Amino acid sequence: MSVQRLPSSYKIFHGQRSSASFSPLSTHSLFLFRNEARVTHASLFPSIRIRRECRKIAKKGLLVQATSESSFGLGKWLPASDVSISDVLWPSAGAFLAMAMLGRLDQFVASKGVSFTIAPLGAVCAVLFATPTSPAARKSNMFVAQIACAAFGVLAFSLFGPGWLARGASLAASIGFMIATGTTHPPAASLPLLFIDGAKLHKLHFWYALFPGAVGCLLLCLIQEVVIYSKNNFKF
């Protein structure tokens, strides 16, 4: 294994993953493997210089991982290339547009004491716009989980009333259902709790399985298509 000295105690190791060893806590090291590069640093957060070195290696097509040797044992994956303005701008703009449109819809249902701008839909925005290729962003996962988890909340409230038992039972049923059916969509797990603790939503009964969660997701899916199209065609 060859070693190339760099300033400020940097070391470049060219070798296999199995033959590379971590440096002492007082040094910083970049480990180059066949298909990835690993940065080990002693502090909880990597320094700017380490990030700069990571990006130089990442531009060569290597996947870069930064890990901490601190007692926290925290690690962070760095992107294979610098994040572009488009990667930040369009998802953020999509989130703003989503809340603006949901807020507009709120004006039509305000008289009934319900709202489209619920916290779970904010989490859905993060999933759809920031991680559109993740399993949680699949449309089938999203709608099945949204409907089922909301229904579990209504059912648990009907059986146990408000309180910890209804919260625990509905959340357990929701997580179990998503795992068993392979439709994991984390934002949906908050829908049962929202119903049980939200007195204004009790009047919806089992209509809560569709509104506002599933109906709101329809709008968010349309906005997601706009975000993806904009990222692919209007790059900065």
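Bear in mind the structure is a predicted one, so any value in this text is a computation, not a measurement. Computed over heavy atoms, backbone and side chain alike; hydrogens, waters and symmetry mates excluded.
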Same cluster or not: are F157 and L193 linked, directly or through other Ile, Leu, Val, Met, Phe, Trp or Tyr residues, by side-chain heavy atoms under 4.5 angstrom apart? no

Could you tell me the separation between the NZ atom of K203 and the NZ atom of K200, rounded to the nearest 0.5 Å? 8.0 Å

Just wondering, do P91 and K231 contact through their side chains at under 4.5 Å, heavy atoms? yes

Closest heavy-atom contact between F234 and S86? O-OG, 3.3 Å

With the side chain counted from C-beta on, respond yes when V124 and Q146 share a heavy-atom pair under 4.5 Å apart, and no when they do not. yes

If I compare all heavy atoms of F160 with all of A169, which pair ends up nearest, and what's the gap? CE1-CB, 3.9 Å

Can C149 and M178 be said to form a side-chain contact (heavy atoms from CB on, under 4.5 Å), step by step? CA-CA 9 Å; C149 292; M178 288 190 288; 4.2 Å; yes

Heavy-atom distance under 4.5 Å between the side chains of Y208 and L194, does that happen here? yes

When every non-hydrogen atom of F211 is compared with those of V114, the smallest separation belongs to CE2-CG2, 3.5 Å

Distance check, rounded to the nearest 0.5 Å: S174 atom OG versus H185 atom NE2? 12.0 Å

Quick check on the hydrophobic clustering: are F96 and I118 connected, directly or via other members, by side-chain heavy-atom contacts under 4.5 Å? no

Measuring from atom CD1 of I85 to atom OG of S92, what distance do you get when rounded to the nearest 0.5 angstrom? 12.0 Å

Mind jotting down which residue pairs meet the salt bridge (Lys or Arg N to Asp or Glu O under 4.0 Å) criterion with at least one end in residues 182-197? Sequence neighbours excluded, please. R167-D197

Using 0.5 Å steps for rounding, measure from the NE2 atom of H202 to the CD1 atom of I196. 7.5 Å

Hey, are the side chains of I175 and I179 touching, using non-hydrogen atoms and a 4.5 Å cut-off? yes

Do other residues, nucleotides or ligands put more than 12 heavy atoms under 6.0 Å from F206 CZ? yes

Does the side chain of F236 come within less than 4.5 Å of W90's, by heavy atoms? yes

Could you tell me which non-hydrogen atom of A156 sits nearest to which non-hydrogen atom of S170, and how far apart they are? CB-CB, 3.7 Å

Within one Ile-Leu-Val-Met-Phe-Trp-Tyr cluster: L97 and L89, side-chain cutoff 4.5 Å: yes

Rounded distance [0.5 Å steps], CG in L121 versus OG in S190: 8.5 Å

Heavy-atom closest contact (P186 atom, A136 atom, distance): CD-CB, 3.7 Å

Residue pair P132 / A137: nearest heavy atoms and the distance that separates them: O-CB, 3.6 Å

Which donor-acceptor pairs under 3.5 Å do the side chains of residues 218-230 make with protein atoms, sequence neighbours left out?
from: Q224; atom 1: OE1; to: K139; atom 2: NZ; distance (Å): 2.7
from: Q224; atom 1: NE2; to: L128; atom 2: O; distance (Å): 3.1
from: S230; atom 1: OG; to: V226; atom 2: O; distance (Å): 2.8

Would you say S115 and T117 are linked by a side-chain donor-acceptor pair, where the criterion is simply a distance under 3.5 Å? yes

Quick check: is L105 connected to L191 through a chain of hydrophobic side chains (ILVMFWY, heavy atoms under 4.5 Å apart)? yes

Do L102 and V127 belong to the same hydrophobic cluster, where Ile, Leu, Val, Met, Phe, Trp and Tyr are linked whenever their side-chain heavy atoms lie under 4.5 Å apart, directly or via other members? no

Has M101 got more than 12 heavy atoms of other residues, nucleotides or ligands less than 6.0 Å from its CE? no

